Amino acid sequence: MARAHRNPNTSARPFRMAPDSGGARPSPLLPLPALALEALSLIEGAHGEAWCVGGCVRDALIDRPVHDVDIATSLPWTVVQRVFAAAGWGTVETGTAHGTLTVVKDGEPFEITTYRCDGTYSDGRHPDAVTVASSIEEDLQRRDFTVNALAYHPERGLIDPYGGAIDLERGVIRCVGDPSTRFAEDALRILRACRFASQLGFAIDGPTFNAMMASKHLLQKVSGERVYRELERFVCGDYVHDALMGCVDVLSFVLPELVAMKGCAQVTKYHIYDVLEHTAWVVQHTPPEPLQRWSALFHDMGKPAAAFFEEREGERVEHFYGHAAVSVTLAEGIMRRLPFPAWLRRDVPVIVRVHDDVVPPEPRAVRRALNRLGGRTDLFEALCDIKRADALSQAPFCAPRADTAEELRRIMREIVAEGDAFTVKQLAINGNDIMGLGVKAGPAVGQLLEQCLGAVIDGTAPNEREALLAFADDRRA
């Protein structure tokens with residue numbers, strides 16, 4: 001996989017070395033939550049050894065925010081439970097079969113796991129047997145990638161047996177040990193590598209990537225829930241464009257709809273990328289929120305199926321008429337195949353369906369667009385995000401359309417602030433008022449209300465009770 005572009009804000013920084021003390025090896029000073037330090041102290045007070053491990057160490061080394069802190073210890077989980085319970089912490093037996101206990105204080109959880117060695121993984125996810133490891137170095141052997149096979153203690157420094165700190169400096173994702181073995185143990189690690197590339201802007205080491213390609217069929221063993229969680233983190237990454245372009249042949253095993261997008265040229269003056277790279281840029285240019293990112297990934301997925309050519313003035317031009325409807329069908333299929341939450345299954349197809357609708361930047365058109373979206377201003381905001389990103393991902397002369405998308409957003413917010421009506425519920429009259437005119441209960445009531453709304457949206461009638469009753473009375477059968 002080619003080297004991804006690096007964001008200076010998330011690149012690794014030089015370690016700040018602590019003063020040498022008593023011949024101890026100099027160590028980086030890493031920011032850790034105060035409660036994490038307290039947890040280490042409690043374990044050591046019980047004559048155990050403890051280290052912060054994995055992602056928290058990785059993120060601290062490259063100046064990313066540290067969220068979840070995991071701790072590895074020499075103590076059995078039963079002892080850990082007694083120690084923390086005596087200190088007033090809450091404890092939850094989240095994974096004691098594998099030596100993991102979650103401790104909680106002030107609402108902040110920490111996973112504490114006894115040093116362990118994993119046996120074979122016959123189910124492609126869980127080790128068949130877990131044995132206690134004798135040291136932190138032995139425990140780190142079972143980790144997936146070198147950048148995660150790190151252990152840190154504020155006094156004893158950094159344990160890095162596989163060169164993870166160097167890989168952080170180089171911006172590389174590399175497996176611990178043999179990549180094929182790591183992926184055979186748990187195939188989800190294949191998607192985790194893709195996710196880290198998207199989140200960190202790192203490249204994937206050549207042998208690791210080759211093993212991902214050779215092992216991707218093992219993803220059929222992974223539950224849809226786990227696949228979905230990794231994919232969502234992937235699409236919401238800061239470097240998703242580079243990661244999608246680099247990892248598409250791996251991701252295609254769980255998202256085969258991507259295959260047709262790769263290399264599908266867009267022979268039109270409006271585009272300079274094929275469908276896949278255009279899509280990658282649209283995803284990159286949208287806010288890193290699930291609704292916008294999934295809508296962006298799906299918005300042009302139907303183009304390969306809808307594509308056709310015509311000769312126009314001696315020039316061969318490509319069209320994609322109806323591609324939005326095909327994209328909706330493909331998106332709905334993916335969201336049924338993977339366990340997307342109900343709210344995304346409801347909202348994403350709406351955005352995909354209307355992403356190409358022309359909405360002139362004037363109040364009447366915006367009010368009508370809001371009405372088509374059921375009055376959902378949040379969906380209109382998301383639509384503006386997609387339109388802006390779409391414009392920035394086409395030919396350079398299309399870029400000013402991004403300003404149009406922002407103008408639509410401004411007009412929408414102005415409409416809301418002024419209290420303009422764009423749904424029937426916002427009208428100054430209701431169904432009872434219509435029936436008071438002598439209209440029988442039934443479809444005719446709703447039809448008259450829709451006509452009233454249309455007049456209010458178009459500005460031909462004010463949203464006032466008497467004016468709307470007169471308007472409706474003139475039009476009732």
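Computed from a predicted model, the values in this text were never measured in an experiment. Just so you know, these numbers use all the heavy atoms, side chains as well, and skip hydrogens, waters and symmetry mates.
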Aromatic plane relationship, F84 with W89 - under 30° parallel, 30 to 60° tilted, over 60° perpendicular: perpendicular
Residues which pass salt bridge (Lys or Arg N to Asp or Glu O under 4.0 Å) with D300, listed by chain and number, not counting sequence neighbours: K303
Under 3.5 Å: donor-acceptor pair, side chain of N371, backbone of F422: yes
Trace of the side chain to side chain contact (heavy atoms under 4.5 Å, CB included) decision for F298 with I334: CA-CA 10 Å; F298 296 151; I334 291 169; 3.6 Å; yes
Counterpart residues, side-chain contact (heavy atoms from CB on, under 4.5 Å), relative to S393 (two or more places apart): H278, W281, V282, H285
Minimum heavy-atom distance between L373 and V350, given as atom pair plus value: CD2-CG1, 3.5 Å
Parallel, tilted or perpendicular, as decided by the 30° and 60° cut-offs, for the rings of H319 and Y321: parallel
R58: salt bridge (Lys or Arg N to Asp or Glu O under 4.0 Å) partners, not counting sequence neighbours: none
Side-chain heavy atoms of T279 within contact of L297, under 4.5 Å: yes
Partners meeting side-chain hydrogen bond (donor to acceptor under 3.5 Å, both in side chains) with E93 (sequence neighbours left out): Q81
Heavy-atom closest pair, residues A243 and C194: CB-O, 4.3 Å
S215 (side chain) donor-acceptor with S180 (main chain) under 3.5 angstrom: no
Y228 and F340: CA distance, side-chain angles, deciding distance, ring-ring contact (aromatic ring centres under 6.0 Å, His included) verdict: CA-CA 7 Å; Y228 167 74; F340 277 65; 4.7 Å; yes
Criterion side chain to side chain contact (heavy atoms under 4.5 Å, CB included) on L191 and V222, from CA distance to verdict: CA-CA 10 Å; L191 297 184; V222 181; 6.0 Å; no
Partner set under side-chain contact (heavy atoms from CB on, under 4.5 Å) for S134, not counting sequence neighbours: E138
side-chain contact (heavy atoms from CB on, under 4.5 Å) involving R409 - partner list, sequence neighbours excluded: E381, C384, D385, E406, R413
N/O donor-acceptor pair under 3.5 Å between T286 side chain and V283 backbone: yes
Stepwise salt bridge (Lys or Arg N to Asp or Glu O under 4.0 Å) test for D186 and R226: CA-CA 11 Å; D186 184 354; R226 299 178 79 213; 2.9 Å; yes
Shortest non-hydrogen contact from V424 toward L453: N-CD2, 3.7 Å
Any V57 side-chain heavy atom under 4.5 Å of L158 side chain: yes
Pairs satisfying salt bridge (Lys or Arg N to Asp or Glu O under 4.0 Å), at least one member in residues 322-337, at least two apart: E257-R337
Donor-acceptor under 3.5 Å (S327 side chain, M301 main chain): yes
ring-ring contact (aromatic ring centres under 6.0 Å, His included) contacts touching residues 367-400 (sequence neighbours left out): Y270-F397
Stepwise salt bridge (Lys or Arg N to Asp or Glu O under 4.0 Å) test for R410 and E414: CA-CA 6 Å; R410 185 195 66 76; E414 193 172 85; 3.2 Å; yes
Close side-chain approach of V267 to F309, heavy-atom, < 4.5 Å: yes
Closest approach of C52 to V69 (non-hydrogen atoms, all atoms of both residues): SG-CG1, 3.9 Å
With A151 via side-chain contact (heavy atoms from CB on, under 4.5 Å) - residues at least two apart: W51, V53, I136, L140, I159
Among R195, R182, R192, the one residue meeting salt bridge (charged side-chain N to carboxylate O under 4.0 Å, His left out) with D144: R192
Closest contact, heavy atoms only, L35 versus E108: CD1-OE1, 3.4 Å
S295 side chain vs L291 backbone, donor-acceptor pair below 3.5 Å: yes
D403 CG: over 12 foreign heavy atoms closer than 6.0 Å: yes
Derivation of the side chain to side chain contact (heavy atoms under 4.5 Å, CB included) call for L244 and L258: CA-CA 10 Å; L244 180 55; L258 296 175; 4.3 Å; yes
R174 side chain to T146 backbone, donor-acceptor under 3.5 Å: no
Side chain proximity check, C56 to D68, heavy atoms < 4.5 angstrom: no
Side chains of I71 and E111 in contact at under 4.5 Å (non-hydrogen atoms): no
L37, CG: over 12 other non-hydrogen atoms inside 6.0 angstrom: yes
Rounded distance [0.5 Å steps], CZ in R364 versus CZ in R367: 8.5 Å
Minimum-distance pair of heavy atoms, taken over all atoms of L150 and A165: CD2-N, 4.0 Å
Any donor-acceptor N/O pair, Q284 side chain to V240 backbone, under 3.5 Å: yes
Under the side-chain hydrogen bond (donor to acceptor under 3.5 Å, both in side chains) test, residues paired with K269 that sit two or more places apart: none
Listed partners of T208 passing side-chain hydrogen bond (donor to acceptor under 3.5 Å, both in side chains), at least two apart: D205
Side-chain touch E230/L188, heavy atoms, less than 4.5 angstrom: yes
Check ion pair K387-D390 (N to O, under 4.0 angstrom): no
Donor-acceptor contact below 3.5 Å, side chain D139 vs main chain R116: yes
Partners passing side-chain hydrogen bond (donor to acceptor under 3.5 Å, both in side chains) against R376 (at least two apart in sequence or in another chain): D347, D378
Step-by-step ring-ring contact (aromatic ring centres under 6.0 Å, His included) determination, F145 to Y162: CA-CA 9 Å; F145 306 110; Y162 302 104; over 10 Å; no
Y239 side chain vs A197 backbone, donor-acceptor pair below 3.5 Å: no
Check: H323 side chain, F320 main-chain N or O, donor-acceptor pair, under 3.5 Å: yes
Worked verdict on I112 versus V103 for side chain to side chain contact (heavy atoms under 4.5 Å, CB included): CA-CA 7 Å; I112 302 179; V103 299; 3.7 Å; yes
K262/D274 under salt bridge (Lys or Arg N to Asp or Glu O under 4.0 Å): CA gap, chis, key distance, verdict: CA-CA 7 Å; K262 182 181 179 181; D274 70 6; over 6 Å; no
